[in-house]
Amino acid sequence: MTGNSITSRSNQTMQLPCDYDGHCMVCKQNPPNIEISPCRTCATPWHILCLPVPPTTFFDWDCPDCCQSQQNNHAPPLTENLISAIQAIQSDISLTEVEKAIKRQKLVGGSSKPHLDNNKSNGMLDIFDGTLNCSFCMQLLERPITTPCGHNFCLRCFEKWIGKGKHVCAKCRSTIPSKIASHPRINSQLAIAIRLAKLARSEGIRESIDIATKNAPCFMHNDDRPNTAFTTERAKKAGKANACCGKIFVTIPSDHFGPILAENDPIRNRGVVVGDTWSDRMECRQWGAHFPHVAGIAGQSNHGSQSVALSGGYIDDEDHGEWFLYTGSGGRDLSGNKRINKQHSFDQTFDYMNQALRISCLKGYPVRVVRSHKEKCSFYAPEVGVRYDGIYRIEKCWRKNGIHGHKVCRYLFVRCDNEPAPWTSDLYGDRPRPLPKIKELKDAIDITERKGVPSWDYDEEKGCWLWKKPPPKSKKKATIVNSVDGTIIRDFKPKTKKVSLKLKARILKEFGCNICRKVLVLPLTTPCAHNFCKTCLEDAFSGQSYTKKRIYENGRTLRSLKNIIRCPSCSNDIADFLQNPQVNREMMDVIESLQRQTEQMDGNSEELSDDNAA
DNA sequence: GGGCCCGCAGGG
DNA sequence: CCCTGCGGGCCC
């Protein structure tokens with residue numbers, strides 16, 4: 001037979017159908033039609049000579065995939081079930097972290113006791129029965145990609161498959177949307193589920209609970225959001241204020257370097273763990289992972305950089321998960337409101353935030369990294385929201401000619417976290433690894449490398465990453481927490497007051513009376529477009545005699561005498577207007593609405609200061 | 001999906 | 001106080 005070269009072991013384990021071109025994925029041959037039979041359930045063609053158990057009839061049989069799904073009734077859905085079951089446990093507020101860990105262990109291991117006998121697993125959802133193996137390499141999924149049809153493949157295998165021009169699922173032949181084919185996202189929940197299952201199987205329950213509790217990340221929802229600092233009328237209408245900052249939940253100062261530990265998390269007492277995901281940058285900020293809500297780099301040019309965000313704002317970025325190349329800030333013309341300009345229009349230099357990153361590189365500081373779903377060209381970005389991916393170190397930085405021709409600052413980030421990355425099912429975090437070879441370095445200028453011992457480094461004895469030198473001293477204030485009940489009693493003060501002052505200044509500038517210089521009351525707008533309070537204008541001309549003027553036109557007297565009144569701002573004649581002056585109602589409404597806003601702001605800030613005083 | 005607009009925070 | 005920034009929502 002054509003599959004003779006395949007060993008009997010492979011024949012038993014590899015159960016693959018024919019691919020889109022009719023090639024058997026087991027023997028790699030193109031078998032004649034007579035050797036091919038379609039499955040009656042999924043219609044997938046199979047090379048019958050490569051099946052471990054050939055069908056008794058050619059036309060009325062179920063392929064191994066469909067048999068399996070009928071027996072287990074959870075072939076593709078298993079992944080979904082497992083994930084949704086884990087999510088349900090995670091979101092159950094009635095459970096403690098330890099209880100959650102026990103439940104998770106039961107779920108993936110099938111028993112509250114560790115079952116070390118692999119062959120006798122009676123797990124409700126046992127992932128080691130092959131259902132979570134990659135259909136290509138037949139190994140447990142590594143960096144799993146889940147297709148819309150619900151089938152899972154290792155990232156590397158999937159890339160190879162797509163690289164061959166195959167745009168259908170290797171398992172069920174469903175079309176893979178081009179968006180997913182070109183930019184697949186790692187199913188990090190599945191990766192974590194596999195990790196938890198591995199732990200539950202290979203370790204005793206105690207250690208499993210310890211590690212799983214520590215490692216179990218969660219999605220933090222908007223419900224967790226406290227009172228927002230400031231919302232505009234417009235934002236309130238939309239249901240969510242733009243750039244409202246909210247309270248900071250953790251007790252670190254904004255220039256805190258390194259992981260956010262349980263001791264800085266009085267609310268949950270667990271710290272920020274790898275995989276924690278928030279719906280947007282504002283929420284991410286509230287948990288201290290990355291403070292700036294727009295800027296990608298957090299830091300100070302004379303102190304160092306504490307964190308960066310990968311959001312796909314710069315096309316030069318290159319993401320390989322455990323390491324990535326980051327582009328500095330600046331060089332884009334964002335004048336006006338062009339927040340969207342991705343083009344570089346001038347050179348970047350090592351100043352401001354770029355210098356902050358360079359200091360972190362030279363000192364070997366730990367830099368927190370968050371990835372946003374907006375990072376479109378990365379396998380490692382989350383599907384939704386913003387995710388904390390752990391600690392990285394900047395090993396080198398340099399300048400190069402960017403894609404748009406102007407010079408950009410470049411940084412090589414390499415992961416060095418004690419917790420595994422969200423996309424792997426590895427049980428442990430990073431070990432020191434050799435630096436990747438960077439092609440662009442040969443044309444780079446201003447190359448900066450660390451000379452001395454890094455502040456954050458791997459300790460061989462303890463087997464973990466830690467501060468080898470004391471972390472840099474903070475220059476900022478941290479939040480203050482009530483030691484009795486753990487509530488935050490003072491946080492980064494929202495600039496409400498300042499904003500209300502700003503708005504008041506704006507109102508005065510736009511809607512100030514040209515006589516009394518105060519905000520217009522019953523505004524009159526003259527034909528020459530000057531604004532006055534009704535009473536101010538009336539007072540200005542009360543008892544004054546009109547200037548009389550003879551009006552000529554083409555040498556003839558048009559009107560013998562006209563009473564004229566000169567506008568106090570421009571001397572134009574407004575006598576006609578003053579005969580029957582009408583209050584500018586529209587303007588009045590606008591002024592009233594703006595004044596209401598400032599009152600609200602002041603009200604908010606008073607409330608806040610009351611809170612603070614409490 | 002891109003453009004526009006409003007917004008806040010933080011560095012300098 | 002000014003300027004910059006890898007947001008976010010709405011509108012087209």
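Below, chain A is the first sequence line, B the second, and so on; all start at residue 1.
As the counterpart of B/dG7, no nucleotide is assigned, since no Watson-Crick or G-U wobble pattern has both distances under 3.5 Å. Of the nucleotides present, none pairs with C/dC6 by Watson-Crick or G-U wobble criteria with both distances under 3.5 Å.
Between the side chain of A/Trp456 and the backbone N or O of A/Lys363 there is no donor-acceptor pair closer than 3.5 Å. At distances below 3.5 Å, at least one donor-acceptor pair connects side-chain atoms of A/Arg185 with backbone N or O atoms of A/Ser378. Listed for the A/His290 side chain is a donor-acceptor partner under 3.5 Å among the backbone atoms of A/Ala295.
OP1 or OP2 of C/dC6 sits under 4.0 Å from a side-chain N or O of A/Tyr314. Contact between the side-chain N/O atoms of A/Lys476 and the OP1/OP2 oxygens of B/dG11 is found at a separation under 4.0 Å. OP1 or OP2 of B/dG10 sits under 4.0 Å from a side-chain N or O of A/Arg285. In terms of phosphate contacts, A/Ser329 brings no side-chain nitrogen or oxygen within less than 4.0 Å of OP1 or OP2 of C/dC6. When the side-chain nitrogen and oxygen atoms of A/Thr327 are compared with OP1 and OP2 of C/dC6, none of them lie within a distance under 4.0 Å.
Summarising the geometry, the separation between CD on A/Gln286 and C1' on C/dG7 is reported as 14 Å, rounded to the nearest angstrom. In this entry the distance linking NE2 of A/His290 with C1' of C/dC6 reads 8 Å, nearest Å. Taking atom CZ on A/Phe291 and atom C1' on B/dG10, their separation rounds to 12 Å, with Å as the unit. Going from atom CE of A/Met282 over to atom P of C/dG9 covers 8 Å, rounded to whole Å. With rounding to whole Å, A/Gln355 atom CD is found 21 Å from B/dG10 atom P. Summarising the geometry, the separation between CG on A/Asn302 and P on B/dG12 is reported as 6 Å, rounded to the nearest angstrom. Atom pair A/Ile297:CD1 and B/dG12:P shows a separation of 12 Å (rounding to whole Å applied). Here the P atom of nucleotide C/dT4 and the CG atom of A/Asn354 are 14 Å apart, to the nearest Å.
Across all strands, A/Ser372 comes closer than 4.0 Å to no nucleic acid atom at all (heavy-atom distances). Note on A/Leu310: a base of the nucleic acid sits closer than 4.0 angstrom, heavy atoms only.
For A/Arg358 and A/Phe350, the positive end sits near the middle of the six-membered ring, less than 6.0 Å away and at most 45° from its axis. Geometrically, A/Arg268 engages A/Trp287 in a cation-pi contact defined by less than 6.0 Å to the ring centre and at most 45° from the axis.
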